[in-house]
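Input: a single structure, listed below in structure tokens.
Numbered from 1 within each chain, the chains take letters A, B, ... in sequence-line order. None of these values were measured; they are calculated from a predicted model. Keep in mind that the numbers below use all heavy atoms, side chains included, and drop hydrogens, waters and symmetry copies.
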Amino acid sequence: MSPDPKTHLAELLAAALASVAPGVTADIRLERPRDPSHGDFASNLAMQLARALKDNPRKIAERLVRELPPSPRVQKAEVAGAGFINFRLASSAKTDVVKAALAQGDAFGRGRPSGRKIQVEFVSANPTGPLHVGHGRGAAYGASLASLLAFAGDQVCREYYVNDAGRQMDILGVSTWLRYLELFDERVPFPPNAYQGDYVRDMAAQIRDAHGDRYVHPAAAVLAGAPGAPARRADGAYTPEEKEQLEQHLDGLIAAAKDLLGEEWAYIHQHALTEQLADGREDLEGYGVHFDCWFSERSLYDTGMVARAVAELEKRGHLYVQNGAKWFRSTGFGDEKDRVVQRDNGLYTYFASDIAYHMNKFERGFDRVIDIWGADHHGYIARVKGALKALDLDADRMDVALVQFVSLFRDGAKVSMSTRAGSYVTLRELRDEVGNDACRFFYLLRKQDQALDFDLTLAKSESNDNPVYYVQYAHARICSVIGQWGGDEAELAGADLAPLASAHELGLCNRIQCFAEVIGQAAADFAPHALAFYLRELASEFHGWYNAERLLVDDEAVKRARLALAVAVRQVLRNGLRILGVSAPEAM
RNA sequence: CCGCCCGUAGCUCAACCGGAUAGAGCACCGGCCUUCUAAGCCGGGGGUUAGGGGUUCGAGUCCCUUCGGGCGGGCCA
């Protein structure tokens with residue numbers, strides 16, 4: 001006999017089907033009806049068969065019910081509605097799960113090892129400044145998805161892709177250097193498209209404190225190497241032509257910095273990178289988000305991986321030269337236009353290193369690779385998958401989960417955010433104001449591919465209304481009751497559960513029974529939010545029971561049964577919250 | 001102009017790959033603390049699932065269309 005009631009019912013239905021319609025196959029699915037009057041499980045099998053058997057669904061359902069093998073675990077099976085078969089389980093079949101939860105503890109709900117190796121790559125923010133609230137959402141989603149998959153049975157590797165090559169890092173380097181020069185009164189007008197944040201000044205001061213004037217050059221010499229910038233506009237409303245001029249000016253400053261500093265440019269550049277990376281890492285650790293691997297984009301160049309990836313494409317005849325640049329014929333693999341992989345100046349594009357990176361991921365032997373990207377990157381899916389196909393790799397093993405943007409609202413007004421301008425709310429500020437638990441749970445209460453409005457004022461001023469406290473409170477309440485009881489928890493595992501008979505109690509058993517199903521489904525859907533919703537429902541049912549019935553009653557048998565159920569609830573809350581990266585406090 | 005995502009209660013969001021009377025939270029109204037934590041519970045009002053058409057036993061879910069929002073469409077990252 002299968003220990004899982006759902007599987008058990010499916011087996012009974014399969015037997016009935018074989019008897020009613022020999023040779024006919026059907027997808028036997030059991031769902032848990034929302035309405036308790038519809039029983040504990042329902043099957044639409046008869047409706048599915050209506051067409052094949054050319055008969056009324058209700059009549060088919062009647063025949064199926066007649067042919068169901070008897071089972072002590074089934075109290076009742078009846079036909080209802082348009083042809084549903086509703087099952088009501090015997091009490092003991094429901095309460096059994098309490099024993100399982102107590103026996104399995106932290107492992108309760110865990111899936112069987114799948115043998116699959118899965119990589120989840122997330123955050124991967126450019127190390128050019130503090131993480132902001134958008135990264136916070138990606139981090140919360142990625143971390144809990146990774147934990148969810150691991151709990152469901154996969155072997156998971158959490159990876160952060162470090163964009164330590166390319167122009168953005170150069171801009172950060174030159175921004176730092178310009179602020180450094182200001183400290184020695186060598187004033188180059190600070191470009192509006194350089195990094196504005198105070199953290200840049202902090203890094204400049206660090207360099208001065210450590211190395212004095214070693215990196216100082218005259219402002220005039222710096223400016224001499226760059227084309228002029230357009231007149232500054234306080235409102236930032238530059239014309240497209242002026243914006244282009246600004247970019248060229250900035251590139252000129254970078255070139256001048258490299259030229260004047262020579263080999264010492266590497267120090268400035270590296271200092272800024274190391275500093276920002278360490279800051280981001282510390283930030284994420286504090287947020288409860290850990291990575292197994294920090295993968296450097298630059299290493300792809302250093303090891304020749306980028307050149308090799310491009311050569312592979314070339315060898316297969318998927319590249320062509322036009323206007324001096326090398327193009328990948330991605331239109332042959334589902335993309336809407338071809339893409340440049342190597343510019344006319346010989347430099348590889350970001351796309352080229354991305355191809356190399358994904359090729360590398362596949363070479364590392366992952367069965368499945370999940371990329372978590374900002375929604376603005378959705379246009380990249382076709383081209384990256386196209387490149388994998390062109391390389392004869394199985395693009396279906398790569399999944400992309402897009403995380404929609406977070407819009408912050410403060411006092412009802414939208415907070416405009418610009419990374420370059422440095423005018424944004426950082427993840428650290430958000431955590432300080434709202435708290436880690438509330439922050440992560442709030443993010444996880446909506447699907448990741450839905451745009452999220454985060455009302456800071458509400459989150460701060462009414463943080464007690466955050467649903468996370470509701471769930472945590474249930475956990476703390478149970479801890480409190482167990483503490484007052486003062487008995488030995490271990491002996492609850494052997495409690496007789498027959499006294500559990502009320503609708504509240506049997507409903508809770510059903511809810512606990514669902515946990516493993518929720519885990520499996522949420523993992524399959526990449527949907528940690530489903531787990532968050534489940535935990536809220538579980539907490540709700542517990543609170544309802546707690547208010548309706550007393551746990552610490554005089555009747556010893558009843559008390560032990562109820563405490564066993566409470567501990568089972570607590571175990572599920574713990575296991576679920578751990579996956580979501582939210583603490584389970586013993587007292588509140 | 002083209003492509004992708006989205007439109008569900010006043011607000012923020014769910015809805016088990018097409019199932020039964022579309023559900024929660026916040027907000028609003030009315031009740032419950034001399035007994036295990038009131039960060040809680042119980043009850044109530046709130047909806048043509050943006051509009052229209054189609055597919056079938058059955059549609060918030062799938063197809064077409066209109067309207068309305070978001071994001072993309074760089075030899076930027």
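Side chains of A:Lys559 and A:Leu552 form a contact here, defined as non-hydrogen atoms less than 4.5 Å apart.
Within 4.0 Å (heavy atoms only), A:Leu552 reaches at least one base atom of the nucleic acid. At the heavy-atom level, A:Asp344 lies under 4.0 Å from base atoms of the strands shown. A:Gln322 comes within 4.0 angstrom of a nucleotide base, judged by non-hydrogen atoms across all strands. Among the protein residues, A:His529 comes within range of the sugar-phosphate backbone only, with heavy atoms under 4.0 Å from sugar or phosphate atoms but none that close to a base. Among the protein residues, A:Ala451 comes within range of the sugar-phosphate backbone only, with heavy atoms under 4.0 Å from sugar or phosphate atoms but none that close to a base. Residue contacts for A:Trp327: at a heavy-atom cut-off of 4.0 Å it reaches a base atom on one of the strands shown. Within the nucleic acid shown, A:Arg339 has no heavy atom closer than 4.0 Å to any nucleic acid atom. In this structure, A:Asp338 reaches neither bases nor backbone, as no heavy-atom distance under 4.0 Å exists between it and the strands shown.
Toward the 5' end of RNA chain B, the nearer of the two residues A:Glu537 and A:Phe84, judged by each one's closest nucleotide, is A:Glu537. Along RNA chain B, the nucleotide closest to A:Trp545 and the one closest to A:Asn345 are compared, and the more 5′ of them pairs with A:Trp545.
When distances run from any side-chain atom of A:Pro33 to the nucleotides B:C41, B:A14, B:A20, the shortest one goes to B:A20. Of all nucleotides listed (B:C75, B:C36, B:C41), B:C41 comes nearest to the side chain of A:His543. When the nucleotides B:A20, B:C36, B:G3 are ranked by their closest atom to the side chain of A:Ala80, B:A20 comes out on top. The A:Ser480 side chain lies nearest to B:U37 when the options are B:U37, B:G7, B:C75. Which of B:A38, B:C36, B:A14 sits closest to the side chain of A:Phe533 comes down to B:A14. Distance from the side chain of A:Glu336 is smallest for B:G3 among the nucleotides B:G3, B:C16, B:C75. Listed candidates were B:C75, B:C36, B:G40. Nearest to the side chain of A:Asn547 is B:G40. Among the nucleotides B:C76, B:U37, B:C41, the one closest to the side chain of A:Tyr470 is B:C41.
In this structure, the CZ atom of A:Phe515 is 16 Å from the C1' atom of B:C16, given to the nearest Å. The nearest whole Å value for the distance from the CD atom in A:Glu549 to the C1' atom in B:C41 is 13 Å. Between A:Tyr546 atom OH and B:A39 atom P the separation is 11 Å, expressed in whole Å. For A:Leu452 and B:G70, the CG to P distance is 16 Å, given to the nearest whole Å. The distance between atom CG of A:Asp554 and atom P of B:U35, rounded to the nearest whole Å, is 16 Å. One can place CZ of A:Phe405 at 10 Å from C1' of B:G72, the figure rounded to the nearest angstrom. For the pair A:Asp35 CG and B:A20 C1', the interatomic distance rounds to 8 Å; values are reported in whole Å. One can place CD of A:Glu31 at 9 Å from C1' of B:A20, the figure rounded to the nearest angstrom.
Of the P atoms belonging to B:A59 and B:C41, the separation is 35 Å, rounded to the nearest Å. Nucleotides B:G52 and B:U8 have their P atoms positioned 16 Å apart, rounded to a whole Å. Nucleotides B:G19 and B:G3 are separated by 33 Å at their C1' atoms, to the nearest Å. With both ends at atom P, the span from B:A14 to B:C75 equals 36 Å, rounded to whole Å. Comparing the same atom, P, in B:G60 and in B:C2 gives a spacing of 30 Å after rounding to whole Å. Rounded to whole Å, the P atom of B:A9 lies 9 Å from the corresponding atom of B:U48. Between B:G47 and B:U66, the two P atoms lie 30 Å apart (nearest whole Å). Here the separation of B:U49 from B:U21, taken at their P atoms, is 14 Å to the nearest Å.
Evaluation of the side-chain hydrogen bond (donor to acceptor under 3.5 Å, both in side chains) rule for A:Ser353 yields A:Glu297 as partners, not counting sequence neighbours. Listed by chain and number, the residues in a side-chain contact (heavy atoms from CB on, under 4.5 Å) with A:Asn86 are A:His38, A:Ala42, A:Glu78, A:Ala80, A:Phe84 (sequence neighbours excluded).
Under the 30°/60° scheme for interplanar angles, the aromatic rings of A:Trp373 and A:His377 are found to be tilted.
Nearest approach of A:Ser330 to A:Arg339, heavy atoms of both residues: OG-CG, 3.6 Å.
Taking 4.0 angstrom as the limit, A:Lys337 places none of its side-chain polar atoms (N or O) nearer than this to OP1 or OP2 of B:C2. When the side-chain nitrogen and oxygen atoms of A:Tyr469 are compared with OP1 and OP2 of B:A38, none of them lie within a distance under 4.0 Å. The side chain of A:Arg343 places no N or O atom within less than 4.0 Å of a non-bridging phosphate oxygen (OP1 or OP2) of B:G74. Distances shorter than 4.0 Å separate none of the side-chain N or O atoms of A:Lys447 from OP1 or OP2 on B:C5. Close to B:G19, at under 4.0 Å from its OP1 or OP2, lies no side-chain N or O of A:Gln48. OP1 and OP2 of B:A14 both lie 4.0 Å or more from every side-chain N or O belonging to A:Arg536. At B:U35, none of the side-chain N or O atoms of A:Gln484 fall inside 4.0 Å of OP1 or OP2 (strictly under the cut-off).
Between A:His529 and A:Tyr141, the distance separating the two ring centers is not shorter than 6.0 angstrom.
Surrounding CG of A:Asp554 are at most 12 heavy atoms belonging to other residues, nucleotides or ligands under 6.0 Å away.
Residue-to-nucleotide contacts include a donor-acceptor pair under 3.5 Å from the side chain of A:Asn44 to the base of B:G19. One donor-acceptor pair, N or O on each side, does fall under 3.5 Å between the base of B:G3 and the side chain of A:His378.
An anti orientation is assigned to B:C62, its glycosidic angle lying beyond 90° of 0.
Side chains of A:Tyr350 and A:Gln168: a donor-acceptor N/O pair is absent below 3.5 angstrom, by distance only.
With a cut-off of 3.5 Å on both pairing distances, B:U55 has no Watson-Crick or G-U wobble partner at all. Base pairing annotation: B:G40 forms a Watson-Crick or G-U wobble pair with B:C32, both donor-acceptor distances under 3.5 Å. Checking B:G73 for Watson-Crick or G-U wobble geometry (two distances, each under 3.5 Å) identifies B:C1 as its partner. Under the Watson-Crick and G-U wobble criteria, each requiring two contacts below 3.5 Å, nucleotide B:G7 is paired to B:C67.
Here the options are A:Leu273, A:Val162, A:Asn163, the test is side-chain contact (heavy atoms from CB on, under 4.5 Å), and the partner is A:Arg298; only A:Leu273 passes.
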